[in-house]
Amino acid sequence: MTKIIFHIDVNSAYLSWSAVYSLQHGGALDYRTVPSVVGGNEENRHGIVLAKSIPAKKYRIMTGESLASARKKCPNLLVIPPDYKYFMKSSNSMMRLIYEYSPIIQRYSIDESFVDMSHYKDNYMEIAMELSNRIKKELGFTVNIGISENKLLAKMGSELEKPDKVHRLFKTDLPIKLWPLPVRNLFFVGRKTEEKLNSRGIYTIGDLANCEREYIKNWLKKPCEQIWEFANCIENSNVKDYKSPVKSMGNSTTIAFDVDSRDEAEKVILGLCEMVGMRLREANFRGYVIAISIKDSELVSYRRQKKLDAPTCNTNTIFYCAMLLFDELWNKKALRQISVRMSDLVDNFSYQFTMFQAYDEKAERLDRAIDDIRKIHGNGAIHRACFLDSRISPVIGGVMEDEEYIMMSSEL
DNA sequence: TCTGGGGTCCTAGGACCC
DNA sequence: TCTGGGGTCCTAGGACCC
């Protein structure tokens, strides 16, 4: 039986949601009608474009670009700060609405989802229009809906023309609608892969599709074999209406100033370890592998990781190991960004404690007591003395504790 | 383009084992 | 020590997604 999959994608999500919020709170200007972007704080060196309006797009402003560069392209650009809590709320409202139409939803990111609509037989177009209109009317923003028999084509379909469009894209449309497009438009073809493909005369999705599979595979290895399959529309994964198990947890931060002393780097790392440890404990995970990565002021990154003998979720252990790695890694150049990540996770229930493995029950109880205080009174309620009079925050990282933040899976 | 923060997966090379 | 072959594990780096 042929499946019917919808891919629903909010148009300029962060920007649209910010516009709706502003209008609902008495704002007179609809940000979507002027050149505007949602962007981070430039003073803290978080100044990049997170989302752009369609008028801003006309100035060739790109997501991920620095705000300074965006302003050069459009001097009177309106820059709106992000409000992630509100974005989550908007996303959740949309999800509730979609659930009225199908229980099989894969929330792919904060603003994208795949929905299995196979139970609608011939009237799926009307359903798509109804859903799109309801989101517009009830929630105030527009979406693109791509419809197809698999997730890949649904996603490609929703990207064909924006905004506020419903687009069908079936396998039979492949040669006409998809193959003439630049190969870069294909899911999983990024800048590097595009360059490689171009270097051998492959410019369109059709060029790639018509290559020999073995040729691509031998040349560019496994990831590109999948890209070849995508170009030929070979993709049949199900809409996953469950959470795939998390593989790693980490936090990173770009510091507002260059860090050139070990002492300050240590505080940043401690702040990050506090967050990573808290998140691990909250999820009842421990990790075997701890990784630290740094980016210097010239934007060059280095990484170092180490596998532990026993998995841990203890803040002090993570911090201690992170510092060992940091001291091996750091070449004394001023640092712009630091990150700490734990991977090779095991959950507390399946992990067997044995008397031979180091396990500090007292330390864990202390960690959890601090977690509880922070959950009730906020992260600032309790912190280590070394952060007194420091310009570095005692708990660093962007994942919200209570609101469950939507994570990407980066695969279909 | 003075470039954030959260992830996932793959590959190559080295160490080590038999 | 002019040195095989298969396998596993670990680490560093890179590419991609939103």
Side-chain angles (χ1 to χ4, degrees), chain A residues 7 9-10 12-14 38-42 44-51 60-73 81-82 84 87 91 107-113 152 155 159 184 186-197 217 220-227 230 243-256 258 272 275-276 279 288-309 325 328-329 334 336-345 396-400 404-412:
Chain A
H7 178 256
D9 188 0
V10 180
S12 316
Y14 287 0
V38 173
N41 182 325
E42 284 168 293
N44 295 340
R45 306 203 293 190
H46 294 180
I48 63 159
V49 174
L50 298 160
R60 312 192 67 82
I61 290 169
M62 321 266 256
T63 302
E65 182 174 13
S66 70
L67 289 178
S69 142
R71 277 209 191 81
K72 259 183 225 162
K73 294 175 181 173
Y84 293 101
F87 296 161
S91 172
R107 208 165 172 175
Y108 190 66
S109 72
I110 193 165
D111 71 322
E112 276 181 48
S113 52
L152 176 78
K155 183 162 168 64
E159 270 154 25
R184 179 64 194 267
L186 189 63
F187 190 51
F188 263 88
V189 176
R191 192 170 51 88
K192 292 287 181 182
T193 307
E194 178 189 31
E195 280 171 19
K196 281 187 207 159
L197 292 170
K217 184 184 169 187
L220 298 168
K221 315 294 175 202
K222 203 168 170 179
C224 290
E225 195 182 8
Q226 194 193 28
I227 286 161
F230 285 172
K243 259 191 274 166
S244 51
V246 60
K247 304 273 175 56
S248 71
M249 279 186 188
N251 289 94
S252 65
T253 186
T254 295
I255 307 112
D258 280 352
L272 289 165
M275 178 57 88
V276 173
R279 291 174 60 204
Y288 273 100
V289 175
I290 169 153
I292 185 158
S293 88
I294 56 180
K295 189 191 269 183
D296 66 30
S297 52
E298 277 148 9
L299 305 170
V300 185
S301 304
Y302 315 84
R303 184 165 111 184
R304 204 152 176 96
Q305 69 175 56
K306 174 105 188 115
K307 181 157 184 163
L308 309 173
D309 293 330
L325 293 170
E328 287 171 14
L329 186 62
R336 178 188 179 88
Q337 187 187 56
I338 302 181
S339 97
V340 172
R341 173 166 297 276
M342 294 290 292
S343 58
D344 256 45
L345 306 183
I396 306 171
V399 170
M400 290 163 284
E404 205 166 340
Y405 197 79
I406 299 308
M407 285 302 165
M408 278 267 311
S409 52
S410 125
E411 46 176 47
L412 292 179

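Lettering of chains follows the sequences in order, A, B, ..., and the numbering in each one begins at 1.
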Whole angstrom is fine here: how far is it from [atom1] in [X] over to [atom2] in [N]?
X: A:Lys196; N: B:dT11; atom1: NZ; atom2: P; result: 11 Å
X: A:Tyr288; N: C:dC9; atom1: OH; atom2: C1'; result: 14 Å
X: A:His46; N: B:dG6; atom1: NE2; atom2: P; result: 10 Å
X: A:Leu67; N: B:dT1; atom1: CG; atom2: P; result: 15 Å
X: A:Tyr14; N: B:dG5; atom1: OH; atom2: P; result: 13 Å
X: A:Ile227; N: B:dC10; atom1: CD1; atom2: P; result: 12 Å
X: A:Gln337; N: B:dG4; atom1: CD; atom2: P; result: 6 Å
X: A:Gln226; N: B:dT11; atom1: CD; atom2: C1'; result: 16 Å

Considering every strand and a 4.0 Å limit on heavy-atom distances, what is the contact class for [X]: base, sugar-phosphate, or nothing?
X: A:Gly190; result: sugar-phosphate
X: A:Val189; result: sugar-phosphate
X: A:Thr253; result: sugar-phosphate
X: A:Ser339; result: nothing

For [N], does either OP1 or OP2 sit under 4.0 Å from a side-chain N or O belonging to [X]?
X: A:Ser69; N: B:dC2; result: no
X: A:Lys306; N: C:dA12; result: no
X: A:Arg336; N: B:dG4; result: yes
X: A:Lys247; N: B:dC9; result: yes
X: A:Asn251; N: B:dG5; result: no
X: A:Arg304; N: C:dA12; result: yes
X: A:Ser66; N: B:dT3; result: yes
X: A:Lys221; N: B:dT11; result: no
X: A:Lys295; N: B:dG4; result: yes
X: A:Lys192; N: C:dC17; result: no
X: A:Thr254; N: B:dG5; result: yes
X: A:Ser301; N: C:dG13; result: no

Out of [options], which nucleotide sits closest to the side chain of [X]?
X: A:Glu159; options: C:dC18, C:dC16, B:dG5; value: C:dC18
X: A:Lys307; options: B:dC2, C:dC18, C:dC10; value: C:dC10
X: A:Phe187; options: C:dC17, C:dT11, B:dT3; value: C:dC17
X: A:Arg303; options: C:dC16, C:dG14, B:dC2; value: C:dG14
X: A:Leu299; options: C:dT11, B:dG6, B:dC2; value: B:dC2
X: A:Pro223; options: C:dC18, B:dT11, B:dT8; value: B:dT11

Report task. Hey, could you give me the NZ/OG distance between A:Lys72 and A:Ser66, rounded to the nearest 0.5 Å? Result ->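 It is 7.0 Å, given to the nearest 0.5 Å.
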
Requested in this report: Quick one: pull up CG in A:Asp344 and CD1 in A:Ile290 and give me the separation to the nearest 0.5 Å.
Outcome: 12.5 Å

Query - Any side-chain heavy-atom pair of A:Val189 and A:Glu194 under 4.5 Å - result: yes

Query raised in the report: Just wondering, are more than 12 heavy atoms of other shown residues or ligands nearer than 6.0 Å to NZ in A:Lys306?
Result: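 Atom NZ in A:Lys306 is not packed in, count stays at 12 or less.
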
Query - 5'-most by nearest nucleotide on DNA chain B - A:Leu220 or A:Ala68 - result: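 Mapping each residue to its closest nucleotide by heavy atoms, the 5'-most match is A:Ala68.
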
Query raised in the report: With nearest nucleotides of DNA chain B determined for A:Val246 and A:Met62 from heavy-atom distances, which residue corresponds to the more 5′ nucleotide?
Result: A:Met62

Report summary line: Given Watson-Crick and G-U pairs under 3.5 Å, DNA chain C in dot-bracket ([ ] crossing, | other strand) is ....||||||||||||||

Query raised in the report: Any idea how A:Tyr14 and A:Tyr84 line up, ring-wise: parallel (<30°), tilted (30 to 60°), or perpendicular (>60°)?
Result: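 Answer is perpendicular, since the angle exceeds 60°.
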
Query raised in the report: Strictly by modelled atom types, are A:Arg341 and A:Ser248 linked by a side-chain donor-acceptor pair under 3.5 Å?
Result: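 A pair is found: one side chain offers a donor N or O, the other an acceptor, under 3.5 Å apart.
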
Requested in this report: Write down the distance separating the C1' atoms in C:dG4 and B:dC16, rounded off to the nearest Å.
Outcome: 16 Å

**Report entry** A:Glu42 and A:Arg71 ion-paired at < 4.0 Å
**Finding:**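 Result for this pair is yes, salt bridge flagged.
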
Query raised in the report: A:Asp9 and A:Glu112: which non-hydrogen atoms are nearest, and at how many Å?
Result: OD1-CG, 3.5 Å

Query - Closest heavy-atom pair and its distance - A:Thr193, A:Cys224 - result: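 Heavy-atom minimum between the residues: CG2-SG, 3.9 Å.
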
Report summary line: The side chain to side chain contact (heavy atoms under 4.5 Å, CB included) partner of A:Ile338 among A:Thr254, A:Ile294, A:Asn251 is A:Ile294

